[in-house]
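Following: one structure in structure tokens, then a few remarks.
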Amino acid sequence: MRWSQTFIPTMKETPAEAEIISHKLLLRAGLVRRLTGGLYTFLPLGLRALRKVENIVREEMNRAGALEVFMPALQPPDIWARSGRLETAKEVLFHVKDRAQKEWVLGPTHEEVITTLVADEFNSYRQLPVNFYQIQTKFRDEIRPRFGLMRAKEFIMKDAYSFDADDESANASYQRMYDAYARIFKRCGLRAIPVQADTGVMGGAHSHEFMVPAETGENEVVYCESGDYAANIEKATSQGPAATTPSDDCGPAEKFETPGVKTIEDLAKSFDVAAERQIKTLIYIAEDKPVIVLLRGDDQLEEAKLGGVLGTATFRTAGDAEIVKVLGAKPGSLGAVGIEGIPVYADEVLRGGSGMVTGANDDDHHLRNVNVERDIVVSEWANLRKVQACELCIETGQPLKIRRAIEVGHVFKLGTKYSEALGATFLDENGKSLPSIMGCYGIGVTRTLQAVIEQCHDESGVIWPTSVAPYEVCITALDVEPESKVMKLANRLYDELQAKGVDVILDDRPARPGIKFKDSELAGFPLRIGIGERSLAKGSVEIKPRVGEMILCSPDEALGQALDWLEANQVG
RNA sequence: CGGAGCGUGGCGCAGUUUGGUAGCGCGCCAGUUUUGGGAACUGGAAGUCGCAGGUUCGAAUCCUGUCGCUCCGACCA
């Protein structure tokens with residue numbers, strides 16, 4: 001491609017809409033333009049990079065034996081009703097109406113569609129296993145789109161769905177996808193770490209997320225430096241908090257006045273009660289009914305864990321008025337001592353706790369000498385606390401670390417939830433009808449593209465890995481007169497590189513050298529071949545990797561040098 | 001949904017407090033001089049100041065409403 005013939009609107013200044021570096025560079029390098037919040041147009045350069053990511057995904061999915069299909073984005077709501085997700089996923093579902101006022105939904109994902117297909121077409125264990133995938137636009141009514149392509153209302157996702165006849169086979173399907181994902185991200189030049197992931201309300205199933213470490217990521221990952229343990233914070237566990245829970249011999253619980261005390265910290269400060277000696281009492285409304293959650297004072301609730309215990313994603317913190325109605329006191333003086341008829345979920349860390357302090361359900365009063373198991377009717381003990389940095393790893397005993405990351409992929413063992421709901425059954429060798437065992441596997445393609453930029457850039461611009469670069473080589477011609485020596489050589493090299501199958505762009509714009517150099521660095525092409533009168537007079541052209549030292553060589557050596565460099569800098 | 005902020009040529013911004021001829025930088029067009037790291041000079045084009053009402057002799061500026069965008073929050077009692 002000749003630069004003058006394409007459209008690469010680079011920008012010296014950063015548009016106000018961008019906050020994080022990758023978003024800024026997407027705009028500045030002329031890769032995308034925003035239509036409105038959460039909706040972007042891919043420009044020629046951005047589209048080329050996107051296609052390269054897609055093709056890597058496609059090649060690896062094919063290599064893993066998955067079959068490419070293409071499903072409708074517009075879907076009938078009844079299949080969503082059948083799986084139950086018309087209700088449980090209603091927040092993210094876009095609804096549209098046709099001219100007859102019939103309702104449709106825009107697919108945020110495609111379990112219902114693919115399972116319907118398999119239910120119709122697959123009847124025998126002899127046809128299994130099978131794994132279908134597609135690369136398609138998804139629609140999600142995100143609560144708040146942000147960071148450019150990172151969280152958008154419309155985005156491109158690769159989603160795959162496996163169907164197996166038995167557990168062993170399903171595990172093999174899962175492992176094949178897991179391995180394919182590792183290869184995909186590696187080939188994209190991304191450092192993506194697989195971590196154990198929360199499985200939400202489905203519970204029990206096996207799941208990993210592929211995380212790209214980044215300060216701007218929206219997820220938190222707990223990991224052990226040994227590499228033996230890594231988990232999403234929603235799922236992570238540890239050997240427990242550093243401080244042990246008090247288990248003092250104590251007399252009966254006793255009420256005392258605590259005027260003005262509203263927080264754990266207040267109580268610690270004013271009454272010298274360490275946070276680990278306190279019981280934190282939270283009130284949630286789960287499917288319209290109140291529940292009490294107990295944690296130790298120095299712990300924080302991990303809501304994903306609560307969701308797993310409650311078995312529903314429909315829950316929220318109670319408002320002050322609701323709290324007063326349930327416990328008769330305002331936040332700051334809440335406790336579960338003597339409470340009956342309301343489910344109490346207590347964190348395991350509180351087990352055996354004695355000599356504890358908690359709210360008395362009477363404003364400005366607390367109880368001391370609380371023995372948790374003696375004084376509180378606990379409906380269910382559970383792991384509800386959020387792991388904190390420096391707690392010890394359950395695998396290695398080493399201190400855990402926490403860092404932010406971008407989720408680029410997710411592999412999930414689904415089980416039979418959808419196959420049962422949508423009738424995807426098959427006959428086994430005994431003639432018995434069984435639901436097939438499913439797995440689903442997603443990669444955020446557009447997000448992966450932006451994650452590459454987030455991870456690969458410097459102050460001058462993007463630094464594309466050769467595998468996903470829109471063009472691998474940029475020939476910068478500093479004299480664009482058609483008959484000039486410079487331009488003739490540039491044209492020759494351009495043709496030769498193309499003939500070798502290299503993606504090359506020739507900057508033939510009649511612009512000043514500074515602009516061309518800055519633009520090629522901003523756009524992030526891995527290799528620049530600089531041809532100018534000055535160096536050509538000395539018999540040399542410049543081979544300049546985006547990162548690394550410039551190599552001078554003769555015009556005749558340039559092609560070989562460039563090819564050698566590309567060969568040596570392949571990714572994955 | 002709650003809170004905060006912002007909407008002024010393509011982009012980045014000033015002007016709004018205190019109403020009185022719509023400005024600056026970048027970019028764009030033309031010309032001259034430049035010519036290896038985002039050139040200089042001269043001359044241009046381009047804006048119903050988000051939109052709709054209202055107040056006023058007069059509104060980018062004040063009032064009301066509305067739309068859009070950005071950020072934070074929607075665990076920690």
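Computed from heavy atoms alone, side chains included, the values below leave out hydrogens, waters and symmetry copies. Protein chains get the first letters and strands the later ones, always in sequence-line order, with residue 1 at the start of each.
- Mapped onto RNA chain B by nearest heavy atom, A:Tyr284 and A:Thr36 fall at different nucleotides, with A:Thr36 at the one closer to the 5' end.
- Between A:Thr14 and B:C11 there is no side-chain N or O to OP1 or OP2 distance below 4.0 Å.
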Inset, instruction - Show your working on side-chain hydrogen bond (donor to acceptor under 3.5 Å, both in side chains) between A:Thr258 and A:His366 and close with a plain yes or no. - result: CA-CA 6 Å; A:Thr258 52; A:His366 280 74; 2.8 Å; yes

Legend entry - Per-nucleotide protein contact string for nucleotides 27-41 of chain B (B base, S sugar-phosphate only, - none; heavy atom under 4.0 Å): -------B-BBBB--

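- Base pairing of B:U61: no nucleotide in any strand meets the Watson-Crick or G-U wobble criterion (both distances under 3.5 Å).
- Across all strands shown, B:A40 is found opposite B:U32 as a Watson-Crick or G-U wobble partner, with both distances under 3.5 Å.
- Rounded to whole Å, the C1' atom of B:U61 lies 14 Å from the corresponding atom of B:A14.
- Taking atom CZ on A:Arg316 and atom C1' on B:A77, their separation rounds to 15 Å, with Å as the unit.
- Pairing of B:G27, defined by two Watson-Crick or G-U wobble distances under 3.5 Å, is not identified with any nucleotide.
- Applying the Watson-Crick and G-U wobble criteria (two distances, each under 3.5 Å), B:A22 pairs with nothing in any strand.
- Between A:Lys153 atom NZ and B:G68 atom P the separation is 10 Å, expressed in whole Å.
- Rounded to a whole Å, the CG atom of A:Leu25 is 16 Å from the C1' atom of B:C11.
- Nucleotides B:G58 and B:A22 place their C1' atoms 16 Å apart, quoted to the nearest Å.
- Within the 4.5 Å cutoff, the side chain of A:Arg28 has heavy atoms near those of the A:Leu522 side chain.
- Residues A:Arg140 and A:Thr109 form a side-chain contact, since some pair of their non-hydrogen atoms from C-beta on lies under 4.5 Å apart.
- With a cut-off of 3.5 Å on both pairing distances, B:U56 has no Watson-Crick or G-U wobble partner at all.
- B:C29 and B:C69: their C1' atoms are spaced 31 Å apart (whole Å).
- Nucleotides B:U48 and B:G10 are separated by 9 Å at their P atoms, to the nearest Å.
- Side chain of A:Arg385 to backbone of A:Asp299: no donor-acceptor contact under 3.5 angstrom is found.
- To the nearest angstrom, C1' of B:A77 lies 11 Å from CG of A:Asp363.
- Side-chain contact between A:Trp565 and A:Pro526 is present, with heavy atoms from C-beta onward closer than 4.5 Å.
- By the 4.5 Å heavy-atom criterion applied to side chains, A:Asn383 and A:Asp347 are counted as neighbours.
- The cationic group of A:Arg351 lies under 6.0 Å from the six-membered ring centre of A:Trp381 and within 45° of the ring axis, placing it in a cation-pi geometry.
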Anything under 3.5 Å between a protein N or O and an N or O of nucleotides 72-74 of chain B, put it in a table, one pair a line.
{"residue": "B:C72", "atom": "OP2", "partner": "A:Arg144", "partner atom": "NH1", "Å": "3.2"}
{"residue": "B:C72", "atom": "OP2", "partner": "A:Arg144", "partner atom": "NH2", "Å": "2.6"}
{"residue": "B:C72", "atom": "OP2", "partner": "A:Arg146", "partner atom": "NH1", "Å": "3.3"}

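- Taking the six-membered ring wherever Trp is involved, the centroid distance between the rings of A:Phe155 and A:Phe139 does not fall below 6.0 Å.
- We find that CG of A:Leu39 is positioned 10 Å from P of B:U70, with the value rounded to whole Å.
- Side-chain contact between A:Phe517 and A:Leu478: present, with at least one pair of heavy atoms (C-beta onward) separated by less than 4.5 Å.
- Comparing the same atom, C1', in B:A46 and in B:G27 gives a spacing of 12 Å after rounding to whole Å.
- Nucleotides B:C51 and B:U8, compared at atom P, are 10 Å apart to the nearest Å.
- B:A45 is unpaired under the Watson-Crick or G-U wobble criterion, no partner having all donor-acceptor distances under 3.5 Å.
- Residue contacts for A:Ala18: at a heavy-atom cut-off of 4.0 Å it reaches no nucleic acid atom on any strand shown.
- A:Ile21 has its side chain within reach of A:His457: a pair of non-hydrogen atoms, C-beta onward, lies under 4.5 Å apart.
- The listed nucleotides are B:G25, B:C75, B:A77; the one nearest the side chain of A:Glu13 is B:G25.
- With both pairing distances under 3.5 Å, B:A4 is matched to B:U70 as a Watson-Crick or G-U wobble pair.
- Using C1' as the reference atom, B:A77 and B:A4 are 25 Å apart when rounded to the nearest Å.
- Remark: A:Arg368 qualifies as a cation-pi partner of A:Phe256 under the 6.0 Å distance and 45° angle criteria applied to the six-membered ring.
- Taking atom C1' in both B:U55 and B:C63, the straight-line distance is 7 Å, to the nearest Å.
- In this entry the distance linking CG of A:Leu282 with P of B:C75 reads 11 Å, nearest Å.
- Using a 4.0 Å heavy-atom distance criterion, A:Ala477 is classed as making no nucleic acid contact.
- Look at CG on A:Asp362: it is 15 Å from C1' on B:A77, rounded to the nearest Å.
- B:A77 atom P lies 13 Å from atom CD of A:Glu303, rounded to whole Å.
- In this structure, A:Glu373 places its CD atom where more than 12 heavy-atom neighbours from other residues, nucleotides or ligands lie under 6.0 Å away.
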